[in-house]
Protein chains: 2
Amino acid sequence: MRAATLDPPFPCTHCPLRPLPGFIDGSAEERTFIARRKLGQLHVVAGGTILPEGQPAQYMFTLLSGWAFRYKTLSDGRRQIMNVLLPGDLVGLQSHMLDSHRHSVEALTDVSLCTFGRETVWAIYKSHPPLGFALTWLAAHEERLVDDAILSVGRRSAVERIAALMVHIFKRAEAAGLKQGDAIPFPLTQEHVADALGLSIVHTNRTIQHLRRAGLIRLADGTLSIGDLRALRRVALYWEQPAEPRPLF
Amino acid sequence: MRAATLDPPFPCTHCPLRPLPGFIDGSAEERTFIARRKLGQLHVVAGGTILPEGQPAQYMFTLLSGWAFRYKTLSDGRRQIMNVLLPGDLVGLQSHMLDSHRHSVEALTDVSLCTFGRETVWAIYKSHPPLGFALTWLAAHEERLVDDAILSVGRRSAVERIAALMVHIFKRAEAAGLKQGDAIPFPLTQEHVADALGLSIVHTNRTIQHLRRAGLIRLADGTLSIGDLRALRRVALYWEQPAEPRPLF
DNA sequence: GATCTTCATTAACCTGTGATAGGTCTGCAC
DNA sequence: GTGCAGACCTATCACAGGTTAATGAAGATC
């Protein structure tokens, strides 16, 4: 079994994410409100399950550090990854609004999550309209990510899909402050990539090789770097705009 | 060019959707708030564009009658339909929250839409927290639909995809009060189906034939009926729950 | 009623991707 | 050390689904 521990609240005043340029600061009052509502930090080991499909929603989380992913499975085990989650992403908002989780969330690396109780969501709307707006913003933003993903899976070829995924993850990791030099950590195995793109593992491997040989990506030891971003974008037919600064809970 | 006309407000007191079992009534006060905010009705002819990708968001709509769909295209014209829109669905919430439309919306049949101005969204959060909550609910619900769609496109075979789409649309049309006898209108062409499922038109046709011959669906003259829903579900590996009653704007 | 368009359909052929089966390398438990 | 497991990589073969092209039916349009 996977370890999952709930630590006492880490002070939001020292939040490592909020200072990043990708996030909106919010008013001091809003920040204290959020800080007060935070129940603590949940730690989940790489490979552990954060939310299990089918269960009623109990908590909502903000991913504080580490990587995770959201997925669904068919009854015979085929898996589709809908989205990769990076620090600052909300986990479980969708399930929170509706009845129960219709997807699972799994930790890709060791992960820590700021935890909020079920009642917090409603409190937000009642006492802090701008934060309620921000929640909807995040929901809309997440839908946009899935929109982009389905375009890839439905209409891009294998090479285009891999290229688009690499560009997409690279930009997002950069925005989350994870870029070091010209590289980002890339904790996904090829199986994850395959399951995110609707490909088989073998073909995913072939296609990654192809992009490597073409000099378009460097991917080794859990690290990704892109030599010529513009060229990779061209291969991917990928021209999505970078996200604007986003709210943080 | 396609005709698009804005009619004077149709009285919300006679809303044909709200009495349906699929929708939540809301308080009288909320209903008047919405009614007051409504600018009028937009009519768009079948095939017309409701929202164009790339443009800044101006209005938000509720689909009052008719069918529409949300899609994105790649630069070379390949199209992916993300979602089919039925009466009661919100159009343009995602674009409204973020900067501009990152997808287009096109009318599948003649369509009429209740129109709201940009400022309404913010007013909702400020003065009617429960409605703000409802907006997020709808955003989360829409994301869930795309989640289901990407599972199909990524991991289901062609037969499974078609079967799942038929079941899905059938249930939704039923909830929107469109079922007559054991049939629903089905205004999608095979090209729409193909673009929703990431298939070619030709293969879509082959596969529909297959399901017809197996006696699982009847689809002709823009009308769909399903003989044995349970059997079709089994083919599709589709076991999504019906949606709970939903808010209406 | 001649001409166009759109949509559905079918056939013939081809290819991108899947399936299967193997291999290597690395890290880790004992 | 030895054994094992997980991730990556390669080769070969098979097929689901794509591509191209042609046909017919049903409405529009003139």
Side-chain angles (χ1 to χ4, degrees), chain A residues 2 45-48 67 74 76-80 106-109 152-163 165-166 185-214 217-224 235, chain B residues 2-3 45-48 69 74 76-81 106-110 152-163 165-166 185-213 217-224 235:
Chain A
R2 256 68 187 234
V45 165
W67 294 52
L74 292 174
D76 63 0
R78 278 173 278 174
R79 178 175 73 169
Q80 177 66 41
E106 186 177 316
L108 211 42
T109 64
S152 270
V153 175
R155 288 309 187 200
R156 276 192 247 253
S157 72
V159 203
E160 291 164 354
R161 281 183 225 187
I162 304 262
L165 180 74
M166 297 302 171
F186 192 86
L188 317 205
T189 66
Q190 298 191 350
E191 185 164 11
H192 291 124
V193 174
D195 284 347
L197 298 180
L199 297 170
S200 69
I201 305 192
V202 175
H203 197 59
T204 299
N205 182 279
R206 278 197 282 256
T207 311
I208 289 179
Q209 301 303 333
H210 176 72
L211 285 174
R212 269 198 196 120
R213 287 196 200 102
I217 59 173
R218 242 157 310 132
L219 178 58
D221 307 318
T223 294
L224 167 69
V235 170
Chain B
R2 256 69 186 232
V45 165
F69 64 95
L74 292 174
D76 62 2
R78 277 173 279 174
R79 178 175 73 170
Q80 176 66 40
I81 294 180
E106 187 177 316
L108 212 41
T109 65
D110 290 359
S152 270
V153 174
R155 288 307 185 200
R156 276 191 248 252
S157 71
V159 203
E160 292 163 354
R161 280 182 226 187
I162 304 261
L165 180 73
M166 297 302 171
F186 192 87
L188 316 206
T189 66
Q190 298 191 352
E191 185 165 10
H192 291 125
V193 174
D195 285 347
L197 299 180
L199 297 171
S200 68
I201 305 191
V202 174
H203 197 61
T204 299
N205 182 279
R206 281 196 281 253
T207 311
I208 289 180
Q209 302 302 331
H210 176 72
L211 285 175
R212 270 200 197 117
R213 288 197 199 101
I217 58 173
R218 243 158 310 130
L219 178 59
D221 306 319
T223 295
L224 168 69
V235 170

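These numbers come from the heavy atoms of this one structure, side chains and all, not from hydrogens, waters or symmetry mates. Keep in mind that what you see is a predicted model, and the values were worked out from it rather than measured. Residue numbering restarts at 1 for every chain, and letters A, B, ... go by the order of the sequence lines.
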Scan Glu191(A) against the nucleic acid and name what it touches under 4.0 Å (heavy atoms): base, sugar-phosphate only, or nothing.
nothing

With a 4.5 Å heavy-atom cut-off, do Arg155(A) and Asp195(B) have their side chains touching?
yes

Whole-Å gap separating P (dT15(C)) and NE2 (His203(A))
15 Å

Please step through side-chain contact (heavy atoms from CB on, under 4.5 Å) for the pair Arg161(A) and Thr207(A), ending with a clear verdict.
CA-CA 10 Å; Arg161(A) 281 183 225 187; Thr207(A) 311; over 6 Å; no

dT9(C) phosphate, OP1 or OP2: any side-chain N/O from Asn205(B) under 4.0 angstrom?
yes

Taking for each residue the nucleotide of DNA chain D with the nearest heavy atom, is it Val202(B) or Arg156(B) whose nucleotide lies nearer the 5' end?
Arg156(B)

Quick check for you: to the nearest 0.5 Å, what is the distance between Ile162(B) atom CD1 and His210(B) atom NE2?
10.5 Å

Whole Å only: how far is the CG atom of Leu199(A) from the C1' atom of dT15(C)?
15 Å

Between P of dA25(D) and CG of Asp221(B), the distance in whole Å:
15 Å

With heavy atoms under 4.0 Å as the rule, sort Thr207(B) into base, sugar-phosphate or nothing.
nothing

With a 4.0 Å cutoff (strictly under), does any side-chain N or O of Arg212(B) reach OP1 or OP2 of dT9(C)?
yes

Euclidean distance, atom CD1 of residue Ile217(B) to atom C1' of dA8(C) [Å, nearest integer]
14 Å

Applying a 4.0 Å non-hydrogen cut-off, can you work out what Ile201(A) is touching in the nucleic acid: base, sugar-phosphate, or nothing?
nothing

Interatomic distance where CG belongs to Leu219(B) and P belongs to dC7(C) [whole Å]:
14 Å

With a 4.0 Å cutoff (strictly under), does any side-chain N or O of Arg206(B) reach OP1 or OP2 of dA12(C)?
no

Looking at the side chain of Gln190(A), which of dT9(C), dT17(C), dC8(D) is the nearest nucleotide?
dC8(D)

Tell me what Arg213(A) touches on the nucleic acid: a base, only sugar-phosphate, or nothing, going by heavy atoms under 4.0 Å.
sugar-phosphate

Has Arg213(A) got a side-chain atom pairing as donor or acceptor with Ile208(A)'s backbone, closer than 3.5 angstrom?
no

Using whole Å, what does the distance between atom P of nucleotide dC8(D) and atom CZ of Arg218(A) come to?
18 Å

Considering every strand and a 4.0 Å limit on heavy-atom distances, what is the contact class for Gly198(A): base, sugar-phosphate, or nothing?
sugar-phosphate

By the 4.0 Å heavy-atom rule, please label Ser200(B) as base, sugar-phosphate, or nothing.
base

Check the distance between dA16(D)'s P and Ile162(B)'s CD1 and give it to me in whole angstrom.
16 Å

Could you check which of dG17(D), dA7(D), dT9(C) has an atom nearest any side-chain atom of Gln209(B)?
dT9(C)

If only atom types and distance count, is the side chain of Glu160(B) paired as donor or acceptor with the main-chain N or O of Val235(B) below 3.5 Å?
no

When all nucleic acid strands are considered with a 4.0 Å heavy-atom cut-off, which category describes Ile208(B): base, sugar-phosphate, or nothing?
nothing

How many whole angstroms separate atom CG of Leu224(B) from atom P of dA8(C)?
13 Å

Determine, step by step, whether Gln209(B) and Arg212(B) satisfy the side-chain contact (heavy atoms from CB on, under 4.5 Å) criterion, reporting the C-alpha distance in whole Å, the side-chain angles of both residues, the deciding distance to 0.1 Å, and the verdict.
CA-CA 5 Å; Gln209(B) 302 302 331; Arg212(B) 270 200 197 117; 3.3 Å; yes

